[in-house]
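As a basis for the values below, the full set of heavy atoms in this structure was taken, side chains included, without hydrogen atoms, waters or symmetry mates.
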Amino acid sequence: MKLYNTLTKRKEEFVPLHPGEVRMYSCGPTVYNYFHIGNARPFIVFDVFRRYMEYKGYKVTFVQNFTDIDDKMIQRANEEGITVKELGERFIAEYFIDADKLGIKRADVHPKATDHIDDIIEFIKKLMDKGLAYQAGNDVYYNTMAFEGYGKLSGQNLEDLELGARIDINESKKNPMDFALWKGQKPGEPAWDSPWGKGRPGWHIECSVMATKYLGETIDVHSGGQDLIFPHHENEIAQSEGASGKPFARYWLHNGYINVDNQKMSKSLGNFFTVRDISREFDLEAVRLFMLSSHYRNPINFSRELLEQAQSALERLYNARNNLEHLLKDAPERPSTDEEKQFLDKLPGYTDSFEKAMEDDINTADALGVIFELVREINSNIKPGQSAEVIRAALDTLKKLTGILGLLNKQMGSLDDEIEALIEKRQQARKEKNWALADKIRDDLKEMGIILEDTPQGVRWKRL
RNA sequence: GGCGGCAUAGCCAAGUGGUAAGGCAGAGGACUGCAAAUCCUUUAUCCCCAGUUCAAAUCUGGGUGCCGCCUCCA
């Protein structure tokens with residue numbers, strides 16, 4: 001499998017550090033609000049990466065943190081009149097509600113910064129011992145000048161960075177590019193005891209600490225949005241490699257932004273949509289399909305129209321699956337005919353093409369194209385009366401591939417007797433050409449959320 | 001100023017040397033009591049110019065336009 005590695009600026013063959021295992025860390029949300037769809041992109045695309053690696057048989061250990069202490073957390077908690085801890089707990093719960101609807105699997109570990117204060121302190125001590133950090137007042141800073149590789153991820157050197165940097169008013173730093181590992185307590189802020197006085201961790205340190213704790217000093221994959229390349233991930237490298245003397249992450253994966261009107265969507269610009277807001281109008285699975293319909297490193301524009309397109313595309317997928325499930329119920333268990341076997345022989349080709357797309361730096365857009373080609377193949381070939389073997393094989397392939405992308409999560413389910421009876425009654429009416437009654441029943445069922453379709457192969461239903 | 005990305009049909013989007021996947025929307029047709037679903041047909045000189053090559057959307061050079069990072073941010 002090839003992955004574009006931000007560190008080397010090339011596609012590289014993925015070779016895990018430990019054969020058969022993948023250890024990956026992805027930067028999670030700061031839990032001071034509902035997350036927006038810009039945040040959702042990395043959650044979704046790296047969830048797909050994880051699912052694909054699991055599908056390929058790797059033992060994947062996936063860690064995604066919650067940042068539950070920082071300036072924004074403190075500010076928001078004050079506005080709400082609650083503690084930072086309460087705020088964090090609330091929005092962690094909200095995160096899972098939205099993430100579940102987006103089809104994002106739980107990470108193996110979802111560590112919180114505030115649960116790792118002791119580990120963070122130990123880590124900072126280690127950096128100080130190595131001369132990579134210094135205390136200034138009640139703060140502790142990372143000494144960027146002392147770390148040789150600083151800038152290697154973002155492709156910049158310290159001098160260029162400083163030229164572009166705003167004048168830093170914090171005169172206690174030795175160098176403007178130095179960043180806080182530990183921030184001394186200010187009035188009204190939550191704080192923990194430390195060798196440098198009461199305070200709280202800086203933002204970057206938590207990821208180095210938790211990634212190391214749960215995955216080891218060298219991990220396989222570290223991922224996040226492109227805007228984290230600098231300074232966040234650059235700083236993580238400085239911290240982690242400074243402390244361990246070993247490479248931190250072997251592959252750095254970064255997704256592109258979501259734009260609105262061709263402008264970056266971000267919290268600071270205020271032009272963002274939360275996933276929660278979107279969920280009131282759209283099926284979040286359509287949002288997922290939308291995210292996967294272009295390559296993860298390309299920027300994508302967000303709009304209602306595009307979401308509607310994705311919704312329609314999703315329905316095409318569901319129709320294909322549901323039709324197969326309907327057919328399977330009555331499919332005869334018998335040996336497949338030669339013609340049916342010809343169809344069966346075509347199925348593995350779609351899996352191959354799908355994998356080929358995924359192996360090329362997680363090309364979900366291409367992979368999705370393969371799924372739609374499979375859908376057409378299925379729709380053109382599958383008819384009532386075909387062997388259960390054929391229908392089952394088609395269904396299995398479709399479910400397998402959509403499952404890797406985390407799509408088609410809603411089960412078709414079954415109908416209760418009352419509705420079955422209504423459908424039967426309508427069939428009788430149709431037989432008698434009582435169209436008025438038949439249409440009335442169909443309308444009534446629609447009110448109840450059941451849509452009927454009279455196909456040449458008989459009546460079918462699906463949920464609204 | 002330093003670093004980086006993008007430009008393919010009405011919309012979205014793959015494709016990185018051999019005359020353009022797929023989805024959405026539209027048009028025509030088949031099927032159908034109607035509707036829906038489904039199938040078939042149909043819609044692109046790949047931003048511009050020059051070059052390399054038997055052959056370029058794909059490589060090289062130049063240009064134009066748009067965007068991002070260098071500051072909290074996915």
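As rounded to the nearest Å, A14(B) and A44(B) have C1' atoms that lie 15 Å from one another. Comparing the C1' positions of U38(B) and C31(B) gives an interatomic distance of 9 Å, to the nearest angstrom. With both ends at atom P, the span from G68(B) to G63(B) equals 22 Å, rounded to whole Å. To the nearest whole angstrom, the two C1' atoms, one in U19(B) and one in A55(B), are 9 Å apart. Spacing of C1' atoms, C6(B) relative to U16(B), comes out at 15 Å, to the nearest Å. Comparing the P positions of A35(B) and C46(B) gives an interatomic distance of 40 Å, to the nearest angstrom.
Between Y251(A) and F14(A), the distance separating the two ring centers is shorter than 6.0 angstrom. Ring centroid separation for the pair F354(A) and Y55(A) does not come in under the 6.0 Å cut-off.
Here A365(A) lies in heavy-atom contact (under 4.0 Å) with a base. Residue contacts shown for R376(A) are limited to sugar-phosphate atoms, with no base heavy atom under 4.0 Å away. Residue contacts for S26(A): at a heavy-atom cut-off of 4.0 Å it reaches no nucleic acid atom on any strand shown.
Between the OH atom of Y296(A) and the P atom of C6(B) there is a distance of 13 Å, given to the nearest Å. Atom CD in E325(A) sits about 19 Å away from atom P in A37(B), given to the nearest Å. The distance from atom CG of D227(A) to atom C1' of G4(B) is 14 Å, rounded to the nearest whole Å.
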Next on the checklist: Evaluate D454(A) against R460(A) for salt bridge (charged side-chain N to carboxylate O under 4.0 Å, His left out), listing each step before the verdict.
Outcome noted: CA-CA 6 Å; D454(A) 301 316; R460(A) 283 181 196 160; over 6 Å; no
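The aromatic ring of F372(A) does not sit over the base of G22(B); the criterion of centres under 5.5 Å apart with planes under 30° is not met.
Side-chain nitrogen and oxygen atoms of R426(A) include none within less than 4.0 Å of the OP1 or OP2 phosphate oxygen of A35(B).
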